[in-house]
Participant: 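One structure, as structure tokens, below. Some questions next.
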2 protein chains.
Amino acid sequence: MTTPQTLLSNLAKPAQAFSKAEQKVADAILANPELTTRSSIARLAQSAEVSEPTVNRFCKRLGATGFPDFKLKLALSLASGARFINSAVAEDDTAPTFTPKIFNASIHALEKTRDSIDPKLIHHVIDEVVASKRIYFFGQGNSGPVAQDAEFKFFRFNTPVSAHQDPLMQRMLAAASKPGDLLFIISYTGRTIGLVETARLARDSLATVISITAPASPLARASDLAITLDVGEDTDEYLPMTSRLAQLTLLDVIATGVTLRQGQAHLPHLARIKASLASTRFDSVEQDV
Amino acid sequence: MTTPQTLLSNLAKPAQAFSKAEQKVADAILANPELTTRSSIARLAQSAEVSEPTVNRFCKRLGATGFPDFKLKLALSLASGARFINSAVAEDDTAPTFTPKIFNASIHALEKTRDSIDPKLIHHVIDEVVASKRIYFFGQGNSGPVAQDAEFKFFRFNTPVSAHQDPLMQRMLAAASKPGDLLFIISYTGRTIGLVETARLARDSLATVISITAPASPLARASDLAITLDVGEDTDEYLPMTSRLAQLTLLDVIATGVTLRQGQAHLPHLARIKASLASTRFDSVEQDV
DNA sequence: ACAATAATGTAATAAAAATACATTTATAAG
DNA sequence: CTTATAAATGTATTTTTATTACATTATTGT
């Protein structure tokens, strides 16, 4: 299933439309990929008979942040079927080829998010959750289901929680919010007008607003705390939104943090929830919730 | 000599007899190995609170020729799957430690799903979607948001689609279904009584039922096609459900397959959807949907 | 043939890693 | 309990490596 050497085969593909100098770089890498993972940019430039910046540009064109990053990805691609580069879905893809690509794109988004999250910020968010009297999750469009998922997750705590996708309802609840209320606003772009206004309304009411959104977006600016996710999308029209997976996992992290913070205190509450579900199952050992 | 796999476990081994400063380095690397593979020696030295030469000596002691070589070997060791040794969340975990653990658990779930999916089955599912006159997504509990997410995704196609979380609604729609109708039923356990009965009702009405659920479960048996996900036990009480991420990505795969199958035919439909959203944004370049 | 643009290279700068060497800390002998 | 000795660690410097800014050279379309 896992096609090994995806980066490599990508290099070899003639359809790649490399420029002359870049083709030389590709050839030089292909001639001895293992060596390349341990080369300096100068050595590779020399063996490809091009200048060093050309090598650097070549790396960036292939999605790396620079030469060292490229070497790392190349090494991984050699070791275990590449999952970083060339996950673009093409029109001639079939189920066996696009299935791993899409999973890889999702995995990549999570890896990127994992490495960009600031634990201190998470800590602050958990503080706010623990301190709150009531929690709302707001999302529209694709982020609506994320908000709802969060509701299920946070339902385990004793704090009242609800998720809302309807813009009017969101607006009304924001306007009616009070100090001690905590609003999570989830938006990939952070540019949905209604949600930004909702954030402002809530803050006017002295509620706390935490957004999960794009860096430097209007929503991020309008929030008390903003967890910004830059998953980097839109490059491939066939690749679906991976940001919601990052949002979901991020909310998992926050919920887990709250659970750990609360310690054993809430366990009886949880037991009641589990018991209430038992009768809806064929077999009560496992559960969806 | 240092084979890739042994590097990580070597670090974790207490028997290693590291000196004080070297132990700090080992701890810092273990705290976030993925990040280390992309760090500079200065960054790692700082996070371990030691000097840079100490890090360098540490690397050499472990058989690398220097820091870059060490990073390379570390990356390879991570790629070979040694990274999940430490992913159980413990009560004394704090934000910096449990955050990567949870992301890793999610990533692992996707990797496992990626490698267990049968592309032929996906192909059949896409056939059914393309052939269908109407599509329903049913889920309860945690799978409810997944169904809703799928609705957003499949809305792009011309086939009428709706998601339902209410058991009564699901039952009624299943009973009223007709040949040409396609029901996706999403359930992690495949043991929710209501959903299994719904599947039977729908098949009695000659609709097609595709489930995304657990292997060998009652729901899987009650379906025409079952995509079974075995993400693994939730052995750790603090680790959240990762199955829904696998479900979501799987539905991404199916939707992408349908898109590719339909080719350009549906593009005008998509353009209209995009246009309808433009006025709700501060900046119409990006979008949530 | 000539602008406009893209591609590539040169030279300078910044960043990273390794080295030489100084200082501190631990150890063991008297 | 010193004090010589060795081991460990850190500081400052040099060397290597990577990136950037900018100049030059090709390429393309009119």
Participant: Using a strict threshold of under 4.0 Å (side-chain N to carboxylate O), is an ion pair present between B/R38 and A/D69?
Facilitator: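 A salt bridge is absent here (no side-chain N lies under 4.0 Å from a carboxylate O).
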
Participant: Choosing from C/dA17, C/dA20, C/dA11, which nucleotide comes nearest the side chain of B/P68?
Facilitator: C/dA17

Participant: Using a cut-off of less than 4.0 Å, is there contact between a side-chain N or O of B/T54 and OP1 or OP2 of D/dG10?
Facilitator: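 True: B/T54 side-chain N/O within range (under 4.0 Å) of D/dG10 OP1/OP2.
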
Participant: Between C/dG9, D/dT11, C/dA18, which nucleotide gets closest to the side-chain atoms of A/V50?
Facilitator: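 Nearest nucleotide to the side chain: C/dG9.
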
Participant: Would you mind reading off the distance between A/Q23 atom CD and C/dA7 atom P, rounded to a whole angstrom?
Facilitator: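 Between P of C/dA7 and CD of A/Q23: 14 Å.
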
Participant: Give a yes or no on whether a salt bridge exists between B/E49 and B/K24, defined as a side-chain N under 4.0 angstrom from a carboxylate O.
Facilitator: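 Salt bridge between B/E49 and B/K24, a charged N being under 4.0 Å from a carboxylate O: no.
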
Participant: For the pair made of CD in B/Q46 and P in C/dA17, what is the distance, rounded to whole Å?
Facilitator: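 My rounded result for the distance is 14 Å.
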
Participant: If you take the centroid of each ring, where Trp contributes its six-membered ring, are B/F155 and B/F152 closer together than 6.0 Å?
Facilitator: no

Participant: Would you kindly give the CG-to-P distance between B/L72 and C/dA16, to the nearest whole Å?
Facilitator: 18 Å

Participant: Could you tell me the separation between the CZ atom of B/F70 and the P atom of C/dA16, rounded to a whole number of Å?
Facilitator: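 Result: 18 Å.
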
Participant: Which is true for B/K24 with a 4.0 Å heavy-atom rule: it touches a base, it touches only sugar-phosphate, or it touches nothing?
Facilitator: nothing

Participant: Which of these nucleotides, C/dA18, D/dG10, C/dA16, is closest to any side-chain atom of B/S40?
Facilitator: C/dA16

Participant: Would one find a side-chain N or O of A/N56 under 4.0 angstrom from OP1 or OP2 of D/dT19?
Facilitator: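 So the side chain of A/N56 is within the cut-off, an N or O lying under 4.0 Å from OP1 or OP2 of D/dT19.
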
Participant: Between atom CD1 in B/I41 and atom C1' in C/dA18, what is the gap in whole Å?
Facilitator: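 Interatomic distance, CD1 of B/I41 to C1' of C/dA18: 8 Å.
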
Participant: Would you say the side-chain atoms of A/D27 and A/Q23 include a donor-acceptor pair closer than 3.5 Å?
Facilitator: yes

Participant: Please determine if a side-chain N or O atom of B/K60 lies less than 4.0 Å away from the OP1 or OP2 oxygen of C/dT19.
Facilitator: yes

Participant: Would you mind reading off the distance between A/E52 atom CD and C/dA7 atom C1', rounded to a whole angstrom?
Facilitator: 17 Å

Participant: Whole angstroms only, please: what is the CZ-P distance between A/R43 and D/dT17?
Facilitator: 9 Å

Participant: Please determine, by modelled atom types, if A/T36 and A/S39 share a side-chain donor-acceptor pair under 3.5 angstrom.
Facilitator: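 No, A/S39 and A/T36 have no side-chain donor paired with an acceptor closer than 3.5 Å.
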
Participant: Could you tell me how far apart A/K71 (NZ) and C/dA16 (C1') are, to the nearest whole angstrom?
Facilitator: 11 Å

Participant: When you match A/R57 and A/A42 each to their closest nucleotide on DNA chain D, which lands nearer the 5' end?
Facilitator: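 It is A/A42, whose closest nucleotide lies nearer the 5' terminus.
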
